[in-house]
Amino acid sequence: MKVKIIEKTHELDLEDALNCFLENEKPNIQNMFYEVALTSHNGELEYSFSCMIVYL
């Protein structure tokens, strides 16, 4: 079993990266976990969009 974690600051960038990984690697996916984190840095909101793919 393997794990791939992809993290981006914009949801559309994460979507593109996920599609690229899935198209190129063609993994046998066992599970996927999606998460959004929001932090504040100097008064600015920063997002982190991530996905962990568990595959064979």
Side-chain angles (χ1 to χ4, degrees):
M1 206 172 281
K2 296 181 182 180
V3 173
K4 174 73 173 178
I5 297 173
I6 302 173
E7 185 273 332
K8 299 291 179 182
T9 57
H10 193 277
E11 67 269 23
L12 294 178
D13 293 336
L14 177 62
E15 183 179 312
D16 289 342
L18 284 170
N19 284 329
C20 184
F21 173 75
L22 296 174
E23 184 177 311
N24 292 333
E25 299 296 323
K26 297 181 181 16
N28 181 356
I29 296 173
Q30 302 300 300
N31 213 335
M32 293 179 76
F33 303 92
Y34 175 74
E35 185 170 316
V36 178
L38 177 62
T39 59
S40 177
H41 181 70
N42 294 331
E44 296 289 324
L45 294 178
E46 296 180 0
Y47 288 89
S48 173
F49 300 89
S50 60
C51 184
M52 181 175 74
I53 304 167
V54 179
Y55 66 102
L56 298 176

Quiz item: Under the side chain to side chain donor-acceptor pair (under 3.5 Å) test, which residues partner N28, sequence neighbours left out?
Solution: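 Only Q30 meet the side chain to side chain donor-acceptor pair (under 3.5 Å) criterion with N28.
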Quiz prompt | For N31, all residues meeting side-chain contact (heavy atoms from CB on, under 4.5 Å), sequence neighbours excluded | solution =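 side-chain contact (heavy atoms from CB on, under 4.5 Å) check on N31 returns F33, V54.
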Practice problem: Give the other cluster members for I29, using side-chain heavy-atom distances under 4.5 Å between Ile, Leu, Val, Met, Phe, Trp and Tyr residues; answer none if it is isolated. | Solution: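 I6, L14, L18, F21, L22, M32, Y34, V36, L38, L45, Y47, F49, I53, Y55, all in the cluster of I29.
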Quiz prompt | Within residues 2-26 or reaching into it, pairs that qualify as side chain to side chain donor-acceptor pair (under 3.5 Å) - sequence neighbours excluded | solution =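 Side chain to side chain donor-acceptor pair (under 3.5 Å) check on residues 2-26 returns E7-S48.
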